[in-house]
K.L.:
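Dropping the structure in here first, questions after.
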Amino acid sequence: MNDIVREQMEFDVLIIGGGPAGLSAAIRLKQLAPSVEICLIEKASEIGAHIVSGAVLEPTALNELFPDWKQRGAPLDTPVNHERMFYLPDEQKYTAIPMIKSLMPQMNNDGNYIISLGNFCRWLATQAEELGVEIFPGFSGSELIIEDGQVVGVVTGDMGLEKDGAQGSNHEPGMELRAKYTLFAEGCRGSLSKKLMDQFKLRQGVDPQTYGLGIKELWEIPAHKHKPGYIQHSFGWPLDNHTYGGSWLYHFGDNLVSFGFVVGLDYSNPWLSPFEETQRSKLHPVIKYHLEGGRRISYSARALSEGGLQSIPKLSFPGGLLIGDAAGFLNMPKIKGTHTAMKSGMVAAEAIVEALTTQEIEPISYQFRMRQSWVWQELHQARNIRPAFAKFGAKIATLYTGFDSMVRGKVPWTFRHRLADNEKLEAASLFEKVQYPKPDNELTFSRESSVFLSNIDHRDDQPVHLKLKNTSIWKTVNWNIFKSPETRYCPAGVYEAIDTETEPKLQINSQNCIHCKTCDIKDPTQNIDWETPEGGSGPNYPGGM
């Protein structure tokens with residue numbers, strides 16, 4: 001990197017990531033200090049192209065950011081008007097769970113909206129640009145710039161490199177984007193955020209983060225089945241009692257349904273495939289009814305931070321802050337993180353304005369401000385629900401959730417996350433291989449046909465962005481002990497075990513990657529390192545996702 005002459009650009013504030021947190025931070029900064037120069041970079045080809053979520057939006061933070069959001073044309077067009085929850089004991093039966101909203105505030109969606117989070121972020125970006133924020137889509141942050149122990153910016157990834165890393169004929173070196181303060185809003189398991197946590201020991205003294213993998217499909221269904229504003233959640237089958245997860249199903253827009261399935265990545269059975277569990281969950285009558293006769297439009301997947309309050313790292317460091325799901329502000333019992341991500345960005349903006357005035361190297365007031373915010377109160381109230389599922393299993397945890405919700409989390413104990421997700425995986429020999437049904441191409445589909453709907457754009461000859469730190473470990477650990485779990489937990493067919501009858505090898509089809517980050521999380525020895533590919537590469541999710 002030192003041998004390359006790079007163009008430099010300087011700003012007051014640099015924001016890495018164009019999701020709800022980064023955009024809300026930029027907007028709030030401009031509202032508080034219009035003269036502050038802000039640059040926001042986004043690795044996707046456009047704002048919203050890599051955004052994946054259900055999504056049901058709780059407008060708490062939006063009301064604070066733009067009280068006049070309706071007049072501004074925010075794309076919140078489908079208010080929630082009916083919701084149901086089901087426990088599925090097997091592939092046919094179901095039990096409706098009473099939605100006692102006064103006793104279970106975490107599940108209360110009154111006043112919320114079913115949205116396309118991608119479209120919502122596109123709208124936020126328009127608001128930010130009107131305020132003077134400079135937004136650069138198609139630029140990925142590849143390296144931190146640290147000088148005298150302080151983050152002073154990032155280097156964007158080179159463009160036009162060949163597969164072996166050599167400079168191609170169209171090579172353009174990345175730029176140095178420098179700023180007084182840098183906000184990292186990369187979302188769950190951000191590559192630079194991970195380096196920051198190691199560099200500044202931000203995870204010292206907190207629980208390991210635990211994650212889920214959310215797999216989403218967008219469907220267009222027959223008009224007579226469409227019920228705008230209807231939301232449905234389920235848990236139980238096809239997952240066993242010791243595997244956390246469940247489905248969502250939201251009706252919105254013009255005959256659109258957002259269907260998705262989340263599997264907690266703390267599962268122990270290496271034969272489990274979150275993708276296949278998602279597919280067969282659609283065969284249950286309570287889900288099948290909604291999708292049957294419809295058409296699948298798009299497919300996506302993304303890891304999400306489920307650890308909650310116990311897993312939030314130190315939020316500040318010399319030269320910047322962690323915001324949004326990069327820090328882990330998702331409220332898992334609510335199955336929502338957009339409102340908390342937005343609020344964290346807004347609080348960060350307030351801390352940055354103060355730091356610009358006092359010329360502090362580290363904006364330490366952010367941590368205090370977050371602890372005083374409704375985000376912290378909300379996460380404290382919900383802190384025991386996700387770890388209860390790991391501690392007790394789904395059936396007992398469901399009963400505990402009802403109790404904990406009724407008392408608003410006011411109990412004298414806090415359950416802990418003791419192990420990281422990759423440490424939970426057990427040897428393949430301890431489990432029977434799971435036999436999944438073949439796709440019917442009407443409700444259930446293959447990985448190949450699913451990835452096609454993600455509109456992936458990776459140059460065939462660009463460098464592989466998925467690296468094995470030690471190539472010998474795959475055979476001795478991943479294959480010999482776990483029988484190549486990456487071929488099952490990856491929802492895009494990136495990893496393929498070949499020559500298994502002779503000399504097994506791992507083939508990495510990086511051109512299939514949809515940037516979910518699961519491999520970076522679940523690999524047993526943390527041997528897979530996900531790096532940002534060339535800017536603009538990856539999925540291109542359409543409006544509606």
K.L.:
Side chains of Gln462 and Ser537: any donor to acceptor distance under 3.5 Å?
P.N.:
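Ser537 vs Gln462: donor-acceptor pair found between side chains.
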
K.L.:
Is the CG atom of Asp254 crowded by more than 12 outside heavy atoms at less than 6.0 Å?
P.N.:
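12 or below, so no.
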
K.L.:
Scan side-chain atoms only and decide if Asn470 and Ser472 contain a donor-acceptor pair under the 3.5 Å cut-off.
P.N.:
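There is such a pair between these side chains.
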
K.L.:
Below 4.5 Å, heavy atoms only, C-beta onward: do Gln8 and Arg178 meet side chain to side chain?
P.N.:
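They are in side-chain contact.
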
K.L.:
Report yes if the side chains of Glu7 and Glu176 come closer than 4.5 Å at any heavy-atom pair, otherwise no.
P.N.:
no

K.L.:
Can you see whether Asp421 engages Thr210 through a side-chain donor-acceptor pair at a distance of less than 3.5 angstrom?
P.N.:
yes

K.L.:
Taking atom CG of Leu453 as the centre, does the number of heavy atoms from other residues, nucleotides or ligands within less than 6.0 Å exceed 12?
P.N.:
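Yes.
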
K.L.:
Indicate yes or no for a side-chain donor-acceptor contact from Ser140 to the backbone of Pro533 under 3.5 Å, with no hydrogens or angles considered.
P.N.:
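Checking the backbone N and O of Pro533 against the side chain of Ser140, a donor-acceptor pair under 3.5 Å is found.
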
K.L.:
How about Trp271 and Tyr436: are their ring centres within less than 6.0 Å of each other?
P.N.:
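No, too far apart.
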
K.L.:
Is the number of heavy atoms from other residues, nucleotides or ligands within 6.0 Å of CZ (Phe139) greater than 12?
P.N.:
no

K.L.:
Is it true that, when you exclude Glu172 itself, more than 12 heavy atoms of the residues, nucleotides or ligands shown sit nearer than 6.0 Å to its CD?
P.N.:
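Open: at most 12 neighbouring heavy atoms sit under 6.0 Å from CD of Glu172.
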
K.L.:
Any heavy-atom pair between the side chains of Leu315 and Phe329 that's under 4.5 Å?
P.N.:
yes

K.L.:
Are Asp461 and Lys163 ion-paired here, with the side-chain N under 4.0 Å from a carboxylate O?
P.N.:
no

K.L.:
Do Ser298 and Ser454 touch side chain to side chain, with heavy atoms closer than 4.5 Å?
P.N.:
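With C-beta onward as the side chain, the pair stays apart.
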
K.L.:
Checking the side chain of Glu130 only, and the main-chain atoms of Gln127 only, is there a donor and an acceptor separated by less than 3.5 Å?
P.N.:
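No, Glu130 side chain to Gln127 backbone: no donor-acceptor pair under 3.5 Å.
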
K.L.:
Ignoring hydrogens and angles, tell me if any N or O in the side chain of Lys505 forms a donor-acceptor pair with the backbone of Asp499 under 3.5 Å.
P.N.:
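Checked: no pair found.
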
K.L.:
Just checking, is any N or O donor in the side chain of Ser116 or Arg122 under 3.5 Å from an acceptor N or O on the other one?
P.N.:
no

K.L.:
Take Ser450 and Arg296 through the test side-chain hydrogen bond (donor to acceptor under 3.5 Å, both in side chains) and record every step on the way to the result.
P.N.:
CA-CA 9 Å; Ser450 299; Arg296 193 174 66 148; 2.9 Å; yes

K.L.:
Are Asp457 and Asn540 linked by a side-chain donor-acceptor pair shorter than 3.5 Å?
P.N.:
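No, because no side-chain N or O of Asp457 sits under 3.5 Å from a partner of the opposite role on Asn540.
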
K.L.:
Would you please test Asp520 and Lys194 for salt bridge (Lys or Arg N to Asp or Glu O under 4.0 Å) and show each step?
P.N.:
CA-CA 10 Å; Asp520 199 276; Lys194 188 173 71 167; 2.9 Å; yes

K.L.:
Mind checking whether Trp69 and Tyr113 have ring centres under 6.0 Å apart?
P.N.:
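When the ring centroids of Trp69 and Tyr113 are compared, they turn out to be within the sub-6.0 Å range.
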
K.L.:
Is it true that Lys467 and Asp529 make a salt bridge, defined as a side-chain N closer than 4.0 Å to a carboxylate O?
P.N.:
no

K.L.:
Any heavy-atom pair between the side chains of Leu272 and Val263 that's under 4.5 Å?
P.N.:
yes

K.L.:
For Arg72 and Trp123, indicate whether the former's side chain and the latter's backbone hold a donor-acceptor pair under 3.5 Å.
P.N.:
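No; zero donor-acceptor contacts below 3.5 Å.
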
K.L.:
Are Gln279 and Ser281 linked by a side-chain donor-acceptor pair shorter than 3.5 Å?
P.N.:
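Checked: Gln279/Ser281 side chains show no N/O donor-acceptor pair below 3.5 Å.
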
K.L.:
Looking at Asp198 and Arg203, is any side-chain nitrogen of the basic one under 4.0 Å from a carboxylate oxygen of the acidic one?
P.N.:
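Looking at Arg203 and Asp198, the cut-off is not met.
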
K.L.:
What pairs with Tyr211 under ring pair (Phe, Tyr, Trp, His ring centres under 6.0 Å), at least two apart in sequence or on another chain?
P.N.:
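Once residues adjacent in sequence are excluded, Tyr211 has no partner under the ring pair (Phe, Tyr, Trp, His ring centres under 6.0 Å) criterion.
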
K.L.:
Would you check if Val206 and Gln204 make a side-chain contact, meaning some heavy-atom pair closer than 4.5 Å?
P.N.:
no

K.L.:
Side chains of Ser273 and Arg447: any donor to acceptor distance under 3.5 Å?
P.N.:
yes

K.L.:
Are Val257 and Leu291 close enough that some pair of their side-chain heavy atoms sits under 4.5 Å apart?
P.N.:
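The answer is yes; the side chains approach within 4.5 Å.
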
K.L.:
Okay, side chain of Lys517, backbone of Leu304: is any donor-acceptor separation there less than 3.5 Å?
P.N.:
no

K.L.:
Between Lys314 and Glu362, does any NZ, NE, NH1 or NH2 come within less than 4.0 Å of an OD or OE carboxylate oxygen?
P.N.:
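So Glu362 pairs with Lys314 through a salt bridge.
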
K.L.:
Identify the two heavy atoms, one from Leu124 and one from Pro20, that lie closest to each other, and give their separation to 0.1 Å.
P.N.:
CD1-CA, 4.3 Å

K.L.:
Under 3.5 Å, is there a donor-acceptor pair between the side chain of Asp158 and the main chain of Pro173?
P.N.:
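No, because the side chain of Asp158 does not come within donor-acceptor range (under 3.5 Å) of the backbone of Pro173.
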
K.L.:
Do Thr500 and Trp479 come within less than 4.5 Å of each other through their side chains, counting heavy atoms only?
P.N.:
yes

K.L.:
If only atom types and distance count, is the side chain of Thr340 paired as donor or acceptor with the main-chain N or O of Lys336 below 3.5 Å?
P.N.:
no

K.L.:
So, does Lys522 use its side chain to make a donor-acceptor pair with the main chain of Tyr267 at under 3.5 Å?
P.N.:
yes

K.L.:
Would a distance-only check, ignoring hydrogens and angles, find a side-chain to backbone donor-acceptor pair under 3.5 Å from Asn441 to Phe445?
P.N.:
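Such a contact is absent between Asn441 side chain and Phe445 backbone.
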
K.L.:
Would you find more than 12 non-hydrogen atoms of other residues, nucleotides or ligands less than 6.0 Å from Ile364 atom CD1?
P.N.:
no

K.L.:
With the threshold set at 4.0 Å, does a side-chain nitrogen-carboxylate oxygen contact exist between Lys282 and Glu217?
P.N.:
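Salt bridge present between Lys282 and Glu217.
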
K.L.:
Does Arg488 use its side chain to pair, donor to acceptor, with the backbone of Pro270 at less than 3.5 Å?
P.N.:
yes

K.L.:
Within a radius of less than 6.0 Å around NZ of Lys216, do more than 12 heavy atoms belonging to other residues, nucleotides or ligands occur?
P.N.:
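Check passes, neighbour count above 12.
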
K.L.:
Checking Glu186 against Ser193: is there a side-chain donor and acceptor pair closer than 3.5 Å?
P.N.:
yes

K.L.:
For the pair Arg386 and Asp266, evaluate salt bridge (Lys or Arg N to Asp or Glu O under 4.0 Å) and give the outcome as yes or no after the intermediate values.
P.N.:
CA-CA 11 Å; Arg386 174 62 180 92; Asp266 57 348; 3.0 Å; yes

K.L.:
How close do Pro524 and Asn478 get, heavy atom to heavy atom, and via which atoms?
P.N.:
CD-ND2, 3.8 Å

K.L.:
Assess, by modelled atom type and distance only, whether the side chains of Asn509 and Gln507 contain a donor and an acceptor separated by less than 3.5 Å.
P.N.:
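Yes - a donor-acceptor pair under 3.5 Å links their side chains.
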
K.L.:
Which residues pass the ring pair (Phe, Tyr, Trp, His ring centres under 6.0 Å) test with Trp530, sequence neighbours left out?
P.N.:
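Per chain and number, Trp530 pairs via ring pair (Phe, Tyr, Trp, His ring centres under 6.0 Å) with His465, His515.
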
K.L.:
Less than 3.5 Å apart, which donor and acceptor atoms pair up between the side chains of residues 342-352 and the rest of the protein, not counting sequence neighbours?
P.N.:
unit_1	atom_1	unit_2	atom_2	d
Lys343	NZ	Glu64	OE1	2.7
Ser344	OG	Gly324	N	2.9
Ser344	OG	Ala341	O	2.7

